[in-house]
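What follows is a short report on a single structure.
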Amino acid sequence: MKKDFSSSALKKELNPAQIQAVESSEGPHLIIAGAGSGKTRVLVYRVAYLVQKGVQPDEILLLTFTRKAAEEMLKRASRLLDERCQKVSGGTFHSFANMILRKYASLIGLANNFTILDQPDAEDTLNLIRTQMGFHKSKERFPRKKAILEVISKSVNKSQDLEAVLDEEFPHFMEWLEEIKKIRDEYTKYKQAKSLVDYDDLLVYLKKLLQLHGQVRSNLSRKYKYIMVDEYQDTNRLQAEIIYLLAAEHRNIMVVGDDSQSIYSFRGANFKNIIDFPRIFEGAKIITLEENYRSAQPILNLTNEVIKSAEEKFEKTLFSRIKGDKLPIYVEAEDENAQSRYIADKILELRESGIELKDIAVLFRSGWHSNDLEIELASRNLPFVKYGGQKFVEAAHIKDVISYLRIVYNLYDAVSWHRALLLMRGIGPVTTERIISEITNKKSIELDEKTAKKSADLESLIHLLKEAKAGDLAPAELIRLFLDYYQPLLKEKYDDFNKRLNDLDSLLRIASRYDSLEKFLTDMALEPPERNIFEAGLKDRDDSTLTLSTIHSAKGLEWNTVFLIYVAEGHIPSYLSLENKEQIEEERRLFYVALTRAKENLFLLKPHINRAVRNYLGDGMSIFTEASRFLTESNILNNLVEMESFGNTPAFGDAELEDIFGSSEL
DNA sequence: ACACTTCGAGTTTTT
DNA sequence: CTCGAAGTGT
């Protein structure tokens, strides 16, 4: 049963602007797609449309923000047309870069068994270099490893030199400019020598490959005849450059985005990419999608108002034909736990009325905002999955075990050697360095007698590594091999080793789905599994689960009912962003993204007593929160939401009295 | 050269 | 309070 893709058939399922986007195949296109305006639908239909027209699936390249998004779209396209759509090349910029580089690494002086460093790895490496160069003992305090990586990474992603980055965003580090430059250069050399590649390098090397090797560039460009980029507002300069090079041969490039939803500037993203697109791709056709198919009108009234105050944007006002009569509800809860109880109560109520848990999400600005809620939900047996926050693979013990596999894969992976060696008693930074340089020089794992005899652990590890290398084992088998060796070390190092042992089981379970070591390691770095997925997966299959998520991780998703917690000054906007106008604007867009996830019910909550601040000031001090400026600045509270309170929030509490009488002494 | 202790600072979002 | 980094002791 073949699907009809004629214009008249499409008319039944898409609006005119959407059809225009779907049917446009040749040339550059910019789709400005407001929240919930069916941008995913457009991409899905366009993939199916092109394939149906006879384009080979693997000639279509669909770049998305997460692998999940790409998979989801291709699944939908397959349902629409047929299985061919699964063969479309899709993924994130980083995974695409990885795939290309594994093939062409040698052309740009890179070994093709390079190891990918995740952020903590990159930080540790920088720290190592910083210490070796002696910068840590200068009189004034030197930037920390996290900050150094941030600076260097921004400079790479924005294609700006360090000085400009420091000037714009880190003026307080300006005095360290020369040192940071030296560290960066050393870091670059270090990675090169050891076949290590960090996230940014994936993009940098890809760009370099496309720039320096015209033949490869035109081959790739001819291979990927139709390029689509989702969430274009969250790409950075480097990614825009890559796209430009890739599309050079044919300029069949469609980018889709919404400037109002740009929330990744901390990672170097720049929504000006959208604004610049028509200039860079001359003759680009711009299509704007304004009809919202997601949210009921009262919710849109609120979100339109929130984004109206934004400083800089493409003008667009979303409208919806979904009427709805429920105003968003704003709840002042007594404290954090009251906030959690309100949500749990409400969720049970909603479930009674037929709304499944999987159609409900609780969103928040930062990972820790949900701590109390998680306990409350657990105590009421409400199953949930949490997205965002600390990742499973970033836990120390998981990284420990993975480091063994990484050494098996890439003998010169100095970062992993550091991890593995420092775990041993009697071996510190100096010995570690010596061993690594011995291995690098000899290009072999055979250590001198006297080095090897230094520690029994070292001897057994070397032995195991040899065995692993000889055995050609699958990832899960490798893990099993190293586990016996690692467990005593684990017990020695951590008090809570039982919990951690459980995690290792989970790791084993994940690994058993892979047969290639390279694929396993790449996925762990590029597409790591979410932390709580296992526990949730083990529960009743039919019992659907509630979603807890950071706003960032909720991008592109939607739910019938959305709760947003901690809608308070200092939380959203985060107090870390208050200094800088641009950052506050980004917080506003973040708030906007959160609200626009809701279809029917939207709850905004704020705990009256601010636990975080109270802890900070010591016991006995209670400080009251203020509603987020995004709610108060344009009279939203009086017009667009319904107010409720929960717990013993007094109508005239201290906060209100303070407002009236001025602040008393704290 | 390591291991252990103490001090002090900061605390977001993710590929 | 929790982490990381500097300082001290063996």
Side-chain angles (χ1 to χ4, degrees), chain A residues 63-69 91-98 116-124 127 130-131 135-139 141-147 149-150 153 156-157 197-203 231 234-236 238-239 262-269 363-369 371 387-391 393-394 396 421-422 424-434 454-455 492-493 522-528 530 549-555 566 570-578 583 586-587 589-591 593-594 611-619:
Chain A
L63 293 172
T64 56
F65 209 71
T66 60
R67 183 182 53 177
K68 227 168 70 193
T92 63
F93 273 88
H94 292 87
S95 65
F96 175 70
N98 172 67
I116 300 169
L117 303 182
D118 63 14
Q119 185 172 313
D121 291 334
E123 283 169 5
D124 290 345
N127 203 36
R130 185 182 72 153
T131 315
F135 289 141
H136 59 115
K137 46 186 168 202
S138 42
K139 316 139 226 81
R141 75 167 199 284
F142 199 78
R144 355 200 91 219
K145 57 181 182 185
K146 240 197 162 113
L149 181 66
E150 209 184 327
S153 176
V156 172
N157 282 295
V197 166
D198 67 17
Y199 288 143
D200 300 336
D201 291 332
L202 286 169
L203 303 181
E231 311 279 10
D234 284 319
T235 56
N236 58 40
L238 191 50
Q239 290 166 320
S262 163
I263 54 176
Y264 278 88
S265 75
F266 68 91
R267 209 170 92 184
L363 306 183
F364 33 84
R365 170 74 239 265
S366 3
W368 61 269
H369 285 164
N371 290 167
Y387 295 94
Q390 216 229 352
K391 291 215 199 57
V393 286
E394 283 175 13
L421 293 171
L422 286 173
M424 299 170 185
R425 264 192 175 274
I427 294 186
V430 179
T431 316
T432 298
E433 267 309 302
R434 221 183 41 235
K454 246 190 127 82
S455 137
E492 199 179 326
K493 198 170 164 200
T522 301
D523 274 8
M524 289 305 107
L526 252 31
E527 315 272 2
E530 302 288 343
S549 174
T550 58
I551 301 173
H552 283 89
S553 302
K555 195 169 82 148
Y566 270 105
H571 292 94
I572 182 158
S574 158
Y575 66 103
L576 291 162
S577 312
L578 297 179
Q583 285 189 47
E586 178 142 323
E587 299 282 315
R589 294 191 295 266
L590 202 47
F591 185 62
V593 168
R611 189 187 62 131
V613 174
R614 191 172 53 181
N615 284 345
Y616 202 67
L617 294 178
D619 264 6

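Per chain, numbering begins at 1; letters A, B, ... match sequence-line order.
- Contacts of A:Gln119 with the nucleic acid, taken as non-hydrogen atoms under 4.0 Å apart, include base atoms.
- The side chain of A:His552 has B:dT14 as its nearest neighbour among C:dA5, B:dT15, B:dT14.
- Straight-line distance from the NZ atom of A:Lys555 to the P atom of B:dT15: 10 Å, rounded to whole Å.
- For A:Lys555 and A:Asp234, the salt-bridge test passes: some basic side-chain N is under 4.0 Å from an acidic carboxylate O.
- Within the 4.0 angstrom heavy-atom criterion, only backbone atoms of the sugar-phosphate kind lie near A:Pro429; the bases stay farther away.
- The six-membered or imidazole ring of A:His571 lies near that of A:Tyr566, with a centre-to-centre distance under 6.0 Å.
- Defined by atom type and a distance below 3.5 Å, a donor-acceptor pair is present between the side-chain atoms of A:Glu123 and A:Gln119.
- Taking the six-membered ring for Trp and the full ring otherwise, the centers of A:Tyr264 and A:Phe65 sit less than 6.0 Å from each other.
- Between A:Tyr199 and A:His94, the angle of the ring planes goes over 60°, which puts this pair in the perpendicular group of the 30/60° scheme.
- For B:dC4, one of the phosphate oxygens OP1 or OP2 lies less than 4.0 angstrom from a side-chain nitrogen or oxygen of A:Arg425.
- Of the side-chain N and O atoms in A:Ser553, none sit less than 4.0 angstrom from OP1 or OP2 of B:dT13.
- In this structure, the aromatic ring of A:Phe65 is not positioned over the six-membered ring of the base of B:dT15 within 5.5 Å between centres and 30° between planes.
- Rounded to an integer number of Å, the gap from CG of A:Leu203 to C1' of B:dT14 is 13 Å.
- A:Asn157 comes within contact range of no nucleotide atom at all, as no heavy-atom separation falls under 4.0 Å.
- Computed from coordinates, the A:Lys145 NZ to B:dA9 P distance equals 18 Å when rounded to whole Å.
- Across all strands, A:Tyr575 comes closer than 4.0 Å to base atoms (heavy-atom distances).
- Computed from coordinates, the A:Glu394 CD to B:dT14 P distance equals 10 Å when rounded to whole Å.
- Among the nucleotides B:dT13, B:dT15, C:dA5, the one closest to any side-chain atom of A:Thr92 is B:dT15.
- For the pair A:Leu576 CG and B:dG10 P, the computed distance is 11 Å after rounding to whole Å.
- Between A:Glu527 and A:Lys68 there is no salt bridge, since no side-chain nitrogen of the basic residue lies less than 4.0 Å from a carboxylate oxygen of the acidic one.
- Look at the C1' atom in both B:dT12 and C:dA5: the space between them is 22 Å, to the nearest Å.
- Considering only side-chain N and O atoms, A:Asn127 lies nowhere under 4.0 angstrom from the phosphate OP1 or OP2 of C:dG4.
- Nucleotide B:dT14 holds its C1' atom 11 Å from the CG atom of A:Asp118, rounded to whole Å.
- Each of A:Gly428 and A:Leu590 was matched to the nucleotide of DNA chain B holding its nearest heavy atom; the match closer to the 5' end belongs to A:Gly428.
- Relative to the side chain of A:Ser366, the nucleotides B:dT12, B:dT14, C:dA5 differ in distance, and B:dT12 lies closest.
- Computed from coordinates, the A:Arg589 CZ to B:dT13 P distance equals 18 Å when rounded to whole Å.
- Atom CH2 of A:Trp368 is separated from atom C1' of C:dC3 by 17 Å (rounded to the nearest Å).
- Side-chain atoms of A:Arg365 and base atoms of B:dT13 include a donor and an acceptor less than 3.5 Å apart.
- Mapping A:Pro528 and A:Ser577 onto DNA chain B via the closest heavy atom, the residue that lands nearer the 5' end is A:Ser577.
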